Trainee: 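Below is a structure I'd like to ask you about.
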Amino acid sequence: MMHTGHKQPSENLSMRQLSELLNTDTSNQHLLELLSSLCQGSIAVDAQCRIVWISDQYRELMGLGDETELLGQPIESVLPNTQMPRVVKSGKPVFVDLMSINGRWCLVTRFPLKGPDKEVLGALGFVFYDDLDNLQPLFDKFARLRRQFESENLIRPSRYALEDMLGESPAIQLLRRQALRAAQLDTTLLLLGETGTGKELLAQGIHHASPRRHGPFVGINMGALPESLVEAELFGTAPGAYTGADRKGRQGKIQLANGGTLFLDEIAEMPLPMQSKLLRVLQEREVEALGSNRLEKVDVRVIAATAKDLKALVDQGDFRADLYYRLNVLPIRLPPLRERDGDILSLSEYLLNGIQKDAQLAELPLSEAAKAWLQTYHWPGNVRELRNRLERACVMAEGERIEPEDLGALDDLPTSQTSEPLINSQPPQSTATSLNDQRLAAERRALQQAIAAANGNKTAAARQLGISRATLYERIKRCGLS
């Protein structure tokens with residue numbers, strides 16, 4: 001008999017109790033054996049999602065022998081894509097689902113295990129079918145229905161996965177690892193990063209890697225909504241809530257995201273009155289539509305994003321402190337492009353290839369000078385600006401390669417450098433009979449003015465122009481300057 005003074009921690013106790021219940025109780029043991037004989041494998045976990053029972057068929061399906069110790073192991077360490085933790089947390093069954101086990105797609109069902117007072121003790125999972133060829137007609141019908149729902153905007157699938165985040169720099173590899181870990185936790189996320197760093201792409205990737213991946217992904221940009229429409233768009237409207245409102249009522253983005261993920265971009269732009277309603281959604285998991293006095297339960301994960309300093313906005317009274325701390329549970333910072341050493345050229349080549357392919361343009365490679373400029377520019381608009389400049393270059397380039405001026409390198413010179421030429425500067429060629437001549441003349445003038453402003457210091461002139469020193473010498477030679 002156990003001494004009360006040496007009571008085990010509750011999690012160990014629940015695991016032992018459930019294990020004993022499944023393995024020693026004769027009726028339960030017979031029931032498990034019966035269910036196992038009717039399916040291709042079964043497994044049970046406790047309230048902490050640790051394996052307490054597994055059938056021989058399930059082991060065989062996973063390709064694991066009897067010598068592999070599984071009891072007591074977290075199920076996610078054995079089956080990373082399982083949804084058993086979600087069943088344990090919600091207490092609700094998942095009757096029909098597809099799951100990849102050891103490279104094979106299987107039809108699975110999961111049930112919560114509850115005690116006499118309805119507390120969740122764990123969950124049972126069953127593989128009922130591991131040969132899906134005969135079910136292909138059913139899958140085809142499901143696919144057709146899903147496409148129909150997507151076309152009617154009833155389901156919003158995520159377009160991107162974490163693998164779509166290009167780059168191999170240490171900063172982007174760390175971001176991928178953080179995002180993958182965050183995807184497994186069903187908690188609120190706050191994505192922090194400058195404009196154009198890919199916050200929505202990351203949000204979709206996290207959704208795609210999470211247990212909610214089969215649910216909808218609904219995104220909304222708070223900065224693009226007029227303040228008068230925010231409440232209706234987010235929380236929906238009751239029938240006849242205001243003049244002109246839909247007589248049947250209208251679901252908001254939160255209701256549309258039920259069972260999936262809601263992405264709130266530019267969260268700092270959310271009006272203060274709506275922040276309190278969002279806080280209720282996060283804390284109580286319920287939403288009240290505009291014009292309604294009825295609360296509706298929702299199961300939604302919120303991922304918020306901003307390029308602003310939310311803490312500073314809290315200090316200024318422009319953002320609710322309680323909402324900030326509720327959102328800031330798991331912040332993830334996206335690195336700006338200038339911190340992603342080695343990624344700029346690979347990103348540029350990938351984006352350029354996609355732009356030219358989509359627009360059916362001839363392949364036009366980057367010149368060495370253009371590559372050098374891309375690597376030295378500071379990129380305040382990050383990946384979005386990079387794509388925009390490459391699109392511009394595909395239109396503007398007239399040579400056999402894309403040059404820095406095609407990317408808009410000369411547009412970034414200070415106004416004082418592109419106004420009147422210096423008195424002692426060599427004048428440009430008198431006539432410019434083509435766009436190339438005009439471009440060369442403008443480049444020559446910019447080089448002369450930058451070198452003069454830097455008192456002949458080539459390194460300072462190159463920095464001022466946003467190009468490398470080697471590129472500066474190349475341009476000097478091309479423009480016939482000494």
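Model, not experiment: these values are computed from the prediction. Numbering of residues begins at 1 and proceeds along the displayed sequence.
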Trainee: Test salt bridge (Lys or Arg N to Asp or Glu O under 4.0 Å) on Glu286 and Arg294 and set out the steps.
Mentor: CA-CA 10 Å; Glu286 56 189 24; Arg294 185 174 65 88; over 6 Å; no
Trainee: Sequence neighbours left out, cut at 3.5 Å: what donor-acceptor pairs do the side chains of residues 310-321 make with other protein atoms?
Mentor:
unit_1: Lys311; atom_1: NZ; unit_2: Asp315; atom_2: OD1; d: 3.1
unit_1: Arg320; atom_1: NE; unit_2: Asp322; atom_2: OD1; d: 3.0
unit_1: Arg320; atom_1: NH2; unit_2: Asp322; atom_2: OD2; d: 2.6

Trainee: Scan for salt bridge (charged side-chain N to carboxylate O under 4.0 Å, His left out) pairs involving residues 214-232, sequence neighbours excluded, and state none if there are none.
Mentor: Glu231-Lys277
Trainee: Work out which heavy atom in Ile172 is nearest to a heavy atom in Leu166; give both atom names and the distance.
Mentor: CG1-O, 4.0 Å
Trainee: For a quick test of reading the model, state the closest non-hydrogen atom pair linking Pro112 to Val87 and the distance between them.
Mentor: N-CG1, 3.7 Å
Trainee: Could you pull out all residues at least two apart from Glu339 that satisfy side-chain contact (heavy atoms from CB on, under 4.5 Å)?
Mentor: Arg333, Pro335, Pro336
Trainee: Quick one: list whatever passes side-chain contact (heavy atoms from CB on, under 4.5 Å) with Pro74, sequence neighbours left out.
Mentor: Ser77
Trainee: Looking at Phe217, is its backbone amide N or carbonyl O close enough to the side chain of Gln204 to form a donor-acceptor pair, meaning the two atoms are under 3.5 Å apart?
Mentor: no
Trainee: Please enumerate all residues that pass side-chain hydrogen bond (donor to acceptor under 3.5 Å, both in side chains) together with Arg326, with sequence neighbours excluded.
Mentor: none
Trainee: Which pair of heavy atoms, one from Ser210 and one from Ala183, lies closest together, and at what distance?
Mentor: CB-O, 3.2 Å
Trainee: Nearest 0.5 Å, what's the CG-CD1 distance between Leu175 and Ile332?
Mentor: 7.0 Å
Trainee: Among all residues two or more places apart in sequence or in another chain, which pass the side-chain hydrogen bond (donor to acceptor under 3.5 Å, both in side chains) test with Ser348?
Mentor: none
Trainee: Is there a side-chain contact between Met84 and Ile43 in this structure, where contact means two heavy atoms from C-beta onward sitting under 4.5 Å apart?
Mentor: yes
Trainee: Taking the side chain as every heavy atom from C-beta outward, state whether Tyr58 and Ile51 have any atom pair closer than 4.5 Å.
Mentor: no
Trainee: Tell me, please, which residues at least two apart from Phe111 pass ring pair (Phe, Tyr, Trp, His ring centres under 6.0 Å).
Mentor: Phe95
Trainee: Check the orientation of Trp373 and Tyr377. Use parallel for under 30°, tilted for 30 to 60°, and perpendicular for over 60°.
Mentor: parallel
Trainee: Any side-chain heavy atom of Leu345 sitting closer than 4.5 Å to one from Gln375?
Mentor: yes
Trainee: Anything under 3.5 Å between a donor and an acceptor, one on a side chain of residues 192-203, the other on a protein residue two or more places apart or in another chain? List them.
Mentor:
unit_1: Glu194; atom_1: OE1; unit_2: Arg338; atom_2: NH1; d: 3.3
unit_1: Glu194; atom_1: OE1; unit_2: Asn382; atom_2: ND2; d: 3.2
unit_1: Glu194; atom_1: OE2; unit_2: Arg338; atom_2: NH2; d: 2.4
unit_1: Thr195; atom_1: OG1; unit_2: Arg384; atom_2: NH1; d: 2.8
unit_1: Thr197; atom_1: OG1; unit_2: Glu194; atom_2: O; d: 2.7
unit_1: Lys199; atom_1: NZ; unit_2: Gly193; atom_2: O; d: 3.1
unit_1: Lys199; atom_1: NZ; unit_2: Glu194; atom_2: O; d: 3.0

Trainee: Would Arg387 and Leu347 count as a side-chain contact (heavy atoms from CB on, under 4.5 Å) if you check the C-alpha gap in whole Å, the side-chain angles of each, and the deciding distance to 0.1 Å?
Mentor: CA-CA 9 Å; Arg387 181 180 179 85; Leu347 273 172; over 6 Å; no
Trainee: Quick one: side-chain hydrogen bond (donor to acceptor under 3.5 Å, both in side chains) pairs with a partner in residues 175-187, sequence neighbours left out?
Mentor: Asp186-Arg212
Trainee: I'd like to know if the side chain of Trp379 and the backbone of Leu374 have a donor-acceptor N/O pair within less than 3.5 Å.
Mentor: yes
Trainee: With sequence neighbours left out, what residues match Gln251 under side-chain contact (heavy atoms from CB on, under 4.5 Å)?
Mentor: Gln255, Leu256
Trainee: Mind checking side-chain contact (heavy atoms from CB on, under 4.5 Å) for Cys49 and listing every partner two or more places apart, or none if nothing turns up?
Mentor: Ile75, Pro85, Val88
Trainee: Start with the C-alpha gap between Leu282 and Leu327, add the side-chain angles, then the distance that decides, and say whether side-chain contact (heavy atoms from CB on, under 4.5 Å) holds.
Mentor: CA-CA 9 Å; Leu282 296 175; Leu327 292 173; 3.9 Å; yes
Trainee: Could you check Met222 against Val230 for side-chain contact (heavy atoms from CB on, under 4.5 Å), going step by step and ending with a plain yes or no?
Mentor: CA-CA 8 Å; Met222 301 307 305; Val230 171; 3.7 Å; yes
Trainee: For the NZ atom on Lys357, are there more than 12 heavy atoms of other groups (residues, nucleotides or ligands in this structure) within a distance under 6.0 Å?
Mentor: no
Trainee: Look up atom CZ in Arg250 and atom CG in Leu290, then write down how far apart they are to the nearest 0.5 Å.
Mentor: 11.0 Å
Trainee: Atom OG of Ser346 and atom CZ of Arg340: how far apart are they, to the nearest 0.5 Å?
Mentor: 7.5 Å
Trainee: Under a 4.5 Å cut-off applied to non-hydrogen side-chain atoms, are Arg392 and Asp406 in contact?
Mentor: no
Trainee: Within the 4.5 Å heavy-atom criterion, are Leu189 and Arg301 side-chain neighbours or not?
Mentor: yes
Trainee: Run the side-chain donor-acceptor check on residues 257-267: report pairs under 3.5 Å with partners two or more places apart or on a different chain.
Mentor:
unit_1: Asn258; atom_1: OD1; unit_2: Asp299; atom_2: N; d: 2.6
unit_1: Thr261; atom_1: OG1; unit_2: His207; atom_2: ND1; d: 2.7
unit_1: Glu266; atom_1: OE2; unit_2: Asn221; atom_2: ND2; d: 3.4

Trainee: Are there more than 12 heavy atoms of other residues, nucleotides or ligands under 6.0 Å from atom CD of Glu60?
Mentor: no
Trainee: For Glu168, is there any backbone N or O sitting under 3.5 Å from a side-chain donor or acceptor partner on Gln173?
Mentor: yes
Trainee: Look at the side chain of Thr237 and the backbone N and O of Ala232, then say whether any donor-acceptor pair between them is shorter than 3.5 Å.
Mentor: no
Trainee: Could you give the distance from CD1 (Ile402) to CG (Leu407), rounded to the nearest 0.5 Å?
Mentor: 6.5 Å
Trainee: Checking side-chain contact (heavy atoms from CB on, under 4.5 Å) for the pair Leu113/Leu124: CA distance, chi angles, key distance, verdict?
Mentor: CA-CA 7 Å; Leu113 284 170; Leu124 276 171; 3.8 Å; yes
Trainee: When rounded to the nearest 0.5 angstrom, what distance separates CE in Met270 from CG in Leu323?
Mentor: 7.5 Å
Trainee: Kindly compute the distance separating CG (Leu352) from CG (Leu364), expressed to the nearest 0.5 Å.
Mentor: 7.5 Å
Trainee: Is there a side-chain contact between Ile344 and Leu337, using heavy atoms and a 4.5 Å cut-off?
Mentor: yes
Trainee: If we only count heavy atoms from C-beta on, is the Leu295 to Arg280 side-chain gap below 4.5 Å?
Mentor: yes
